[in-house]
Asks: 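Dropping a structure here in structure tokens format, bear with me for questions.
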Amino acid sequence: MTGTLRGVGVGPGDPELVTVKAARLIGAADVVAFHSGPRGDSIARRIAAGYVRDGVVEELLAYPVTTGSTDHPLGYHGLMADFYDASAERLAAHLDAGRDVVVLAEGDPLFYGTFMYLHDRLAHRYDTAVVPGVTSVSGSAAAVATGLCRHEDVLTILPGTLPVPELARRLADTEAAVVMKLGRTFENVREALRQAGRLDEARYVERASSDAERVLPVADVDAATVPYMSMVVVPGNDLRADAAGRALTSPAAETSVPHTDPSGMSRGEVVVVGLGPGPDRWLTPEVSEALAEVDHVVGYAPYVNRVPQREGLTRHASGNTVEVDRARHALELARAGERVAVVSGGDAGVFGMASAVFEAADIHGYGDVTVRVLPGVTAAQAVAARAGAPLGGDFAILSLSDRLKPWEVVERRLRAAAAADLVVALYNPASRSRTEQVARAREVFLEERDADTVVVVGRDVGRAEESLLVTTLRELDPTTIDMLCLVVVCASGTRVTEAGQVWTPRFVR
């Protein structure tokens, strides 16, 4: 009969935080295993020392390295995979011999814990269970001794190994945060906190709940002294309290007189910008300058995420179907004297947020707030440039989305553009819930145009996954069109070169 395998969390450092169940299993085990660095000093073993019985078999699983430097042919991850394979087989020998094995883990075994890798390799072969432990997050929050997250606050747990821009973005996008895996990453983490405007509220916690515990403002920490067993805690701001504060200090009826900031960006103004279809090289200098000056960025989350985080910038990301609500929020911020940018993909004035901002201002009474629109490269331009020059003559841009207008209106406009022999760029041709519109649009064009009419399909243009298809109305397969596509149905005079480039003459014979 084989033995049992138990991954046991021993908490963040204080032996008295070991659970009753964990203490019982440790004391009854035939084999106690634990990880350590190359020098063999195991924090988990030190925490559990009072619960390990005399004479028990101990298995020290010492990591071969603690950094990414290695001569292994598959690099650091290949070396560690070999180490976990070998460790699993060492424990399997005990389990096959009928011995019960407990693997100690600092904090909780499945929370950034190395027991996970043994579990992956052994759980399907042996009776395996996990005993949760008090995490380092809980220990650090207790050390800081303030509310970590309240009400609807979102708590984000981040590894300090993330690149600084990504770490800063995520810190700015959440109410409360904990950053783990410090040590050599500390200066990068501190810089990310500064860029996110969270440095002053952040607290550094070292060896939480142990006798060596330290709590300091992050700004005061000597980076050279930071051990791996430390973390940064950024308490939440309490969304409910913040909302109440805004309601008291910025009533809708109150207005502020716009004034010009020394940077040139007017306070009390909303600037609506287009970020282009994807790559940073298609972001205009004018838009870059505006984004460098604003206090707030408002928009659909994927577009907000494209704006680099920096010190003093607050981000307001939302879903894809609340355009007027987010526009109203931007207008309210501007009315309170803030510098606000509303971001769109492509060009903000082409099926983007510009009209939504004007709509919100009109409906909700923000006529006193200045709105300025900055152009961007739109998807039709990007796809056309990749294809050649299909928009060289008269053209129309239509959206196949029937979310804001009935399909009957869409079809009537399609038929008119098709009959007029215009090149037509089709935005929003399909989505997860809209799969029939592009097929119906093809039918409309076939009723008005020759089946050999050239069609260009651009997918993810400007990104690494970019593809471009030149086909015809006859050969176009609607099932291949998705939300990442833009479709250009060309005119009767559009031509295709021997090299496959598409162009429409400026003249009509």
Side-chain angles (χ1 to χ4, degrees), residues 1-13 15 18-19 21-136 159 161 180-181 183 227-229:
M1 184 175 179
T2 59
T4 61
L5 175 65
R6 300 292 183 260
V8 173
V10 294
V18 175
T19 66
K21 185 172 185 177
R24 175 176 60 80
L25 290 175
I26 295 169
D30 300 311
V31 179
V32 173
F34 41 88
H35 290 86
S36 78
R39 291 181 294 184
D41 182 23
S42 171
I43 296 173
R45 177 63 177 81
R46 290 205 309 269
I47 296 171
Y51 305 104
V52 178
R53 62 182 173 84
D54 293 337
V56 71
V57 176
E58 298 192 30
E59 286 284 0
L60 171 62
L61 309 174
Y63 301 120
V65 294
T66 54
T67 69
S69 301
T70 175
D71 295 329
H72 192 283
L74 297 179
Y76 173 79
H77 293 292
L79 177 66
M80 294 306 293
D82 288 349
F83 165 69
Y84 290 125
D85 287 343
S87 298
E89 290 311 308
R90 284 172 60 185
L91 300 187
H94 291 295
L95 295 165
D96 289 338
R99 303 184 189 105
D100 293 335
V101 178
V102 163
V103 180
L104 306 178
E106 304 101 280
D108 182 275
L110 299 184
F111 183 75
Y112 290 106
T114 49
F115 176 73
M116 290 185 290
Y117 307 108
L118 298 176
H119 188 276
D120 293 343
R121 289 162 170 79
L122 297 172
H124 64 288
R125 296 164 55 186
Y126 303 100
D127 177 358
T128 305
V130 177
V131 178
V134 176
T135 69
S136 54
T161 50
M180 306 179 63
K181 300 181 183 291
Y228 182 80
M229 298 301 293

Asks: Quick one: side-chain hydrogen bond (donor to acceptor under 3.5 Å, both in side chains) partners of Ser136, sequence neighbours excluded?
Replies: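 So Ser136 forms no side-chain hydrogen bond (donor to acceptor under 3.5 Å, both in side chains) with any residue.
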Asks: With rounding to the nearest 0.5 angstrom, report the CZ to CG distance, Arg125 to Leu91.
Replies: 10.5 Å
Asks: Which heavy-atom pair separates Val8 from Leu25 by the least distance, and what is that distance?
Replies: CG2-CD1, 4.4 Å
Asks: With sequence neighbours excluded, what pairs up with Phe115 under the ring pair (Phe, Tyr, Trp, His ring centres under 6.0 Å) test?
Replies: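 With sequence neighbours excluded, Phe115 shows a ring pair (Phe, Tyr, Trp, His ring centres under 6.0 Å) to His119, given in chain and number order.
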Asks: What's the shortest heavy-atom distance between Val32 and Val56, and which atoms?
Replies: CG2-CG2, 4.0 Å
Asks: What distance separates Tyr63 OH from Arg39 CZ, expressed to the nearest 0.5 Å?
Replies: 14.5 Å
Asks: Among pairs that include at least one residue of residues 48-60, which meet side chain to side chain donor-acceptor pair (under 3.5 Å), considering only residues two or more places apart or in two chains?
Replies: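 Counting only pairs at least two positions apart or across chains, the side chain to side chain donor-acceptor pair (under 3.5 Å) contacts touching residues 48-60 are Arg45-Glu58, Glu59-Arg90, Glu59-His94.
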Asks: side-chain hydrogen bond (donor to acceptor under 3.5 Å, both in side chains) with Asp41: which residues, sequence neighbours excluded?
Replies: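 side-chain hydrogen bond (donor to acceptor under 3.5 Å, both in side chains) list for Asp41, sorted by chain: Arg46.
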Asks: After noting the C-alpha distance and the side-chain angles of Leu74 and Leu79, does the key distance pass the side chain to side chain contact (heavy atoms under 4.5 Å, CB included) rule?
Replies: CA-CA 7 Å; Leu74 297 179; Leu79 177 66; over 6 Å; no
Asks: Tell me the closest heavy-atom pair linking Leu61 and Leu118, and the distance in Å.
Replies: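 It is CD1-CD1, 4.1 Å.
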Asks: Please report the interatomic distance CG(Leu5) to OH(Tyr126), rounded to the nearest 0.5 Å.
Replies: 9.5 Å
Asks: Has the side chain of Arg6 got a donor or acceptor atom that lies under 3.5 Å from a matching backbone atom of Asp127?
Replies: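 At least one qualifying donor-acceptor pair exists.
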Asks: Can you check side chain to side chain contact (heavy atoms under 4.5 Å, CB included) on Phe34 and Leu60, steps first, answer last?
Replies: CA-CA 5 Å; Phe34 41 88; Leu60 171 62; 3.7 Å; yes
Asks: Which residue pairs pass the side chain to side chain donor-acceptor pair (under 3.5 Å) test with at least one member in residues 23-36, sequence neighbours excluded?
Replies: His35-Thr114
Asks: Can you name the nearest heavy-atom pair linking Ile26 to Ala48, along with the distance?
Replies: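 Heavy-atom minimum between the residues: CD1-CB, 4.1 Å.
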Asks: Could you grab the distance from atom CG of Asp82 to atom OG1 of Thr70, nearest 0.5 Å is fine?
Replies: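 It is 9.5 Å, given to the nearest 0.5 Å.
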Asks: Less than 3.5 Å apart, which donor and acceptor atoms pair up between the side chains of residues 101-112 and the rest of the protein, not counting sequence neighbours?
Replies:
| unit_1 | atom_1 | unit_2 | atom_2 | d |
| --- | --- | --- | --- | --- |
| Asp108 | OD1 | Leu110 | N | 2.9 |
| Asp108 | OD2 | Gly133 | N | 3.0 |

Asks: Could you grab the distance from atom CG of Leu95 to atom CD of Glu89, nearest 0.5 Å is fine?
Replies: 10.0 Å
